[in-house]
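What you are looking at is a predicted structure, and each value in this text was computed from that prediction instead of being measured. Reminder, nothing fancy here: chain letters follow the sequence lines and each chain counts from 1.
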Amino acid sequence: MSRRATARSLPGAVFGYALTLTLLVCLNFVALHALPGDPLTVLLGDATLVFPDEALRARLADLHGLDGSLGERFLRYVGRLARGDLGWSLSHAAPVRDLVIQMLPWTLALVACASVLAFVLGLGGGVEAALRHGSRENPWILATLAFLDSIPPFVKAILILFVFGLWLEVVPTAGALAPFSDTTGLARALELAHHAVAPVATLAVHETSKLLLFARGTTLALLSRPFLTVAVAKGVGPWRLRRAYLAPNALAAVVARTAALMSGMMAGAVFVETVFAYPGIGRLAVEAIAVRDLPLAQGLFLVLGAVILTLNLVADLIVLRLDARG
Amino acid sequence: MRPLLSCFTLSARLVVGVFMSLLAGASVGVADDAPTRGTRFVIADEVGDWGIPSPYLHDRRGPGFILTSLVFDTLIWKDATGAFVPSLAETWTVDDTGATFTLHPKARWHDGVPVTADDVVFTVGMFREFPLASLDLSRIQSVRALDDHTVRFEMTQPFAPFLATIAGVMPIVGRHLHGAVETPMTLGLPQAAIGSGPFRLEHYDRVQGATLFRANHAYHRGRPTVEEIAFVRMTPPVAVAGVRKGTVDLATSVPVRDAESLAAAGVRLLVHDTGHPVRLKYNTRHPVLADGRVRRAFAHFIDRKRVIETVYLGWAVPWDPRGLAPLADPARDPYPFDPGAGQRLLEQAGWSRTPDGPWIRENEAVRLDLLAPRAQESLARLIGQQLGAQGLGVAVRLLDRGAFDEALRQGAYDLALTSHGLLGDPDVFRQGVLGTRPDSDRYTANPDLVAALEAQVTQTDPARRQALLARAGELYARDLPSYVLVSPRRAAVAPEPFFFTPGGVGPGVPSVLNKLAFLP
Amino acid sequence: MTGRRAYGLLGGGAGLAGVGLIGAGLAFPLAEPAMSGPPLRPPSADFWLGTNALGQDLLTCVLVAAPGTMSLGLAAGVATVGVALLVAFAAVVLPPGIGRLILRGVDTLMALPALVPAMLVASLLRPGPGVLLLLLVAFAWPFQVRALAALMRRERSRESYRLARGFGAGAGYLLRRHLVPRMLPVLVALTIQDVRRAVMHAAGLAFLGLADPTVPNWGAMLAQALPLLHDPSALWLILAPAGALSLFIFSLFQIGLRLERWSHHALGGRLDPR
């Protein structure tokens, strides 16, 4: 039953995915180009010394592919995209593809590690909190969560930086590696892991509280169902109750929130990158929009959107399976 | 379907890239010998990545230029007193029709090829064909090589800012390098970073925001005093901790509070003015603000002392509304905080007000929008409240950078808080008033002001030029197209022999990083 | 037991105080506190929560900001979950083809960077509280649809739901009587998250010109501490609004708990399965 349901929905899901991605390319282009402001104005505003006339402006626009009507630019963009070319970033004077390939892995790795941590802690904590529903510690759990939830991510990051980085000096404070490090193999892996501890912990803590509350809610909804009452009455042990009944069901709901989790993580990543001087696309994207570096913003959002859509597709399939199971 | 397919290939490449770059390091190696330790001079900077230090590839903002100047020499350079000293050029003469430079006979590109007058000619041609927004070469009529080491610039008319805005700013590139490709901006490493400066680019790491420079032993002005410069991204608290521990030699900027405690700990601090004053810009095309009396009245309503105390925590200086320098003498402030004076000016302009009520102009309460970029939030709120306290309805709106610049360009604002550098050649004053940058005043209503500003460009006699600038300053302060408020001060940590270059480095970058400090 | 009652009272009291504050604040909006004090003073007898860089008393700021922040957060939170609930319900009960289409549309909305459309709106519309609320809801609801749809699909498989449908119950009845009560704990959790998110996002949107920065707001107060993050004063700059926000969220939890307990009992669930 379950396999059939998955198999039947797979082509449809993939087709929908492709369609959505196309739509995303168009929407991204239109939305970004409709923004007030243009990269040349910002560039000229930044220049230390300048007296540009219209001829200079036109020449710069021509050199950087900023000339022509919106339709022409869109066709050029799609044509380049078809060849795998994401364009040229004006503010970084580099091909967008290079920037994305260099920066994206760090963010993906950071977000993936933090997500796994947040999933495990949030799910486990949520199930436990639901089981303690109405007990004495409940208000304390909730008060702590409310407080954790109300502290913005940049504050969490700076607290971790000051306490663990500068005061206790147990984690590195800047970058993903020591500057100009030339370690290789295992030593490099360890160095990377060491540098990632603080950023990952910050992001994980930030998202755990949200997942925990959500998992608690779904588990509570589940606890009111008769089959569980029956199961408990039949003498199902506490461990088996959690493993076989509660966790899988909460998991289905939590997995369905993957995209929401991702967006929260990306917002948090901007601050984590700033506070820990960690490489990644969070700050790159925010700055690209601010200075209207449209090719870079387009490239980043396209790739990020594709990642989110892919995750959603996977989440869909997982949910379908979990659903089919019960 | 083709764009989609290539998206898939792209994502596949990205996935491969995850492992590749994490394990191998996604940085661009320029030389393959491993860096030696111990002789490394570490510079901490909050941003770190200012692009590849190459004329077309560096970030357009100041620090990008500074890093590029380590690798690429200009013809002349500013020293600790702000005077020009030889760099690529050994001697030079300036006359009314142009200038002649004789290059240092021993100057070599990093690849060993001699630097010749022909390279200078090529450089000017290149920047004309592929312009940089920060270099205005329109007044150069011709450049020619008189011999291998002598180059002559002819100007269309006398051009006073020539040394400061061209000879001291334009990085000279090699014809055999930048001329070898069709479009010089696409030139990649290592060719793009082969200059004739005191340092070679050893390693540029965009990901980590770090750049490593290695001394150029064959530099024509002598071997640099440090073997390596590591320019590294660090957040301010990390940089301060590094300074205390001795692992950081120079920090381009430290937070105000830390500056005080670092000074107490005996660290050498260079506190300097950024020359980047914030100004309250009036939209002189707005009917309410077209009246100079109104603009002057608003200036009297602003308490700059309070602004400095709060927004800048004391780390700023009031600027002279006449234009180019901090206010030297408070007694000569044309717009002291004086609500009564402002009130009288508004009444002269035909405005009226009931006590504690709003100002009425032509039977309508005055309501104005104050636009500010995100970075100026506190200042905008304070100015909004100071004007509001005097009965002006001011709504504060914050915009992101792109939208803010566009609103200025289109004149879609009433009041705005802008800021641009005023260091460097005084011609920057003309550009701020008459230029076409988004934050320029574009104020042409006063022909005398325009004439004075235009005349100083071609006035090569320093004393007469100064007089013209002073006259323009007086006219500007009276007309007040924008009211220059305060300029923030900055503290940098830098050992001997670093100094703050008067007028800024190169085109006017407020930085303590002048490459002369690395030279014998 | 007494501990729980005390917390319940605390929560209820805070809730009542909140409702009172919102009412009073909306009826008599307060101006921004004066910028006349000494800048960046730590908490003292004169300034109980300290002052900010502009010399404003933080306690006054927090209080003045309370009604606006709370009402905006609540309105946005409830509306977000409401919209998401309706869309998820439509995706679940409508024919599978249409349902899939709806979910694809939601996917696209999630994959678009919310910042860009927000900036677009900021450039087109004159900012105001209504626009702000609309934007906050518009960007938040897609993220809740998938989770709600997943839960609904599970609830749909229940006997009682099938029976009710078999007897010809309408969509509204099914949603009201069978889905919402069962999902209440989840809805409460989501609403509270969205309230918090709305407060924080409102601060972010202020920087796009969508909100007036002179109207105090807890989220904006938090954001204003950002440039001073490396300064010791950041501690009290952040603690004042974060504390107020925590208290508000905690009160919402207390209200949510009551709702949960009520639904739990009404549906015959066991409180302590151990």
Side-chain angles (χ1 to χ4, degrees), chain A residues 12 16 19-20 23-24 27-28 31-32 34-36 131 133-136 138-139 142-143 146-147 149-152 154-155 158 210 213-214 216-218 220-221 223-226 228-229 232 238 241 249 252-253 256-257 259-260 263 275 285-286 289 301 304-306 308-309 312 315 319 323, chain C residues 3-4 7 100 103-104 107-108 110-117 119-120 123 143-144 146-147 149-151 153-154 158 182-190 192-193 196 200 222-223 225-226 229-230 234 238 242-243 245-246 249-250 253 257 260-261 263-264 267-274:
Chain A
L19 211 67
T20 324
L23 190 65
L24 187 68
L27 280 180
N28 248 339
L32 280 169
L35 287 183
L131 288 175
H133 178 81
S135 75
R136 187 163 300 176
N138 203 32
L142 290 179
F147 188 65
D149 228 19
S150 307
I151 297 179
F154 57 83
V155 179
I158 204 86
K210 292 183 204 166
L213 290 175
F214 184 68
R216 176 183 169 277
T218 49
L220 269 181
L223 281 175
S224 68
R225 291 179 63 164
L228 266 185
T229 322
V232 174
L241 178 78
N249 274 293
R257 272 181 57 81
S263 95
V275 172
V286 170
I289 300 185
F301 291 143
L304 257 187
I308 289 182
L309 287 180
N312 267 344
V319 168
D323 255 11
Chain C
R4 222 170 77 201
Y7 278 108
R100 256 209 301 279
L103 286 183
R104 286 294 146 222
D107 276 1
T108 320
M110 275 194 287
L112 266 184
L115 186 65
V116 178
M119 289 164 73
L120 258 183
S123 66
F143 292 97
Q144 315 295 21
R146 286 187 156 267
L151 279 175
R153 255 187 240 122
R154 208 174 66 192
R158 292 168 62 102
R182 299 269 170 201
M183 293 164 58
L184 203 61
V186 181
L187 293 179
V188 167
L190 287 181
I192 290 173
Q193 261 179 50
R196 187 200 62 87
M200 300 258 188
L222 285 169
L226 193 55
L229 210 50
H230 308 306
I238 288 162
L245 187 56
S246 305
I249 301 265
F250 182 67
F253 271 129
L257 272 184
E260 277 171 11
R261 211 166 287 147
S263 79
H264 204 76
L267 298 170
R270 281 193 49 180
L271 279 178
D272 187 10
R274 282 169 301 176

*Heavy-atom distance under 4.5 Å between the side chains of Leu151(C) and Arg182(C), does that happen here?*
no

*CG of Leu23(A) to CG of Leu19(A): how many Å apart, nearest 0.5 Å?*
7.0 Å

*What pairs with Arg146(C) under salt bridge (charged side-chain N to carboxylate O under 4.0 Å, His left out), at least two apart in sequence or on another chain?*
Asp316(A), Asp107(C)

*What part of Leu222(C) is in contact with chain A, defined as an atom under 4.5 angstrom from a non-hydrogen atom: side chain, backbone, both or neither?*
both

*Taking every heavy-atom pair that is under 4.5 Å apart, which of Val188(C), Leu112(C), Leu103(C) has the most such pairs with chain A?*
Leu112(C)

*Can you name the nearest heavy-atom pair linking Ala242(C) to Ser150(A), along with the distance?*
O-CB, 3.7 Å

_Does any part of the side chain of Phe301(A), heavy atoms only, come nearer than 4.5 Å to the side chain of Ile289(A), both counted from C-beta?_
yes

_Proximal component of Arg104(C), with respect to chain A [non-hydrogen, under 4.5 Å]_ = both

*Part of Leu304(A) lying under 4.5 Å from any heavy atom of chain C*: neither

_Contact origin within Leu120(C) toward chain A - heavy atom pairs under 4.5 Å_ = both

_Contacts of Phe154(A) that satisfy ring-ring contact (aromatic ring centres under 6.0 Å, His included) - sequence neighbours left out_ = Phe271(A)

*Heavy-atom pairs under 4.5 Å with chain A, option from Ala189(C), Ala225(C), Ala147(C), Ala234(C) with the top count*: Ala147(C)

*Flag the one option from Ile308(A), Ile158(A), Val275(A) with the top tally of heavy-atom pairs under 4.5 Å to chain C.*
Ile158(A)

*Considering only heavy atoms and a distance below 4.5 Å, find which of Ser246(C), Ala223(C), Ala111(C) pairs most often with chain A.*
Ser246(C)

*Toward chain A, the part of Met119(C) with a non-hydrogen atom under 4.5 Å*: both

*asked:* For chain A, which candidate among Ile249(C), Ile238(C), Val186(C), Ile192(C) shows the most heavy-atom pairs at distances under 4.5 Å?
replied: Val186(C)

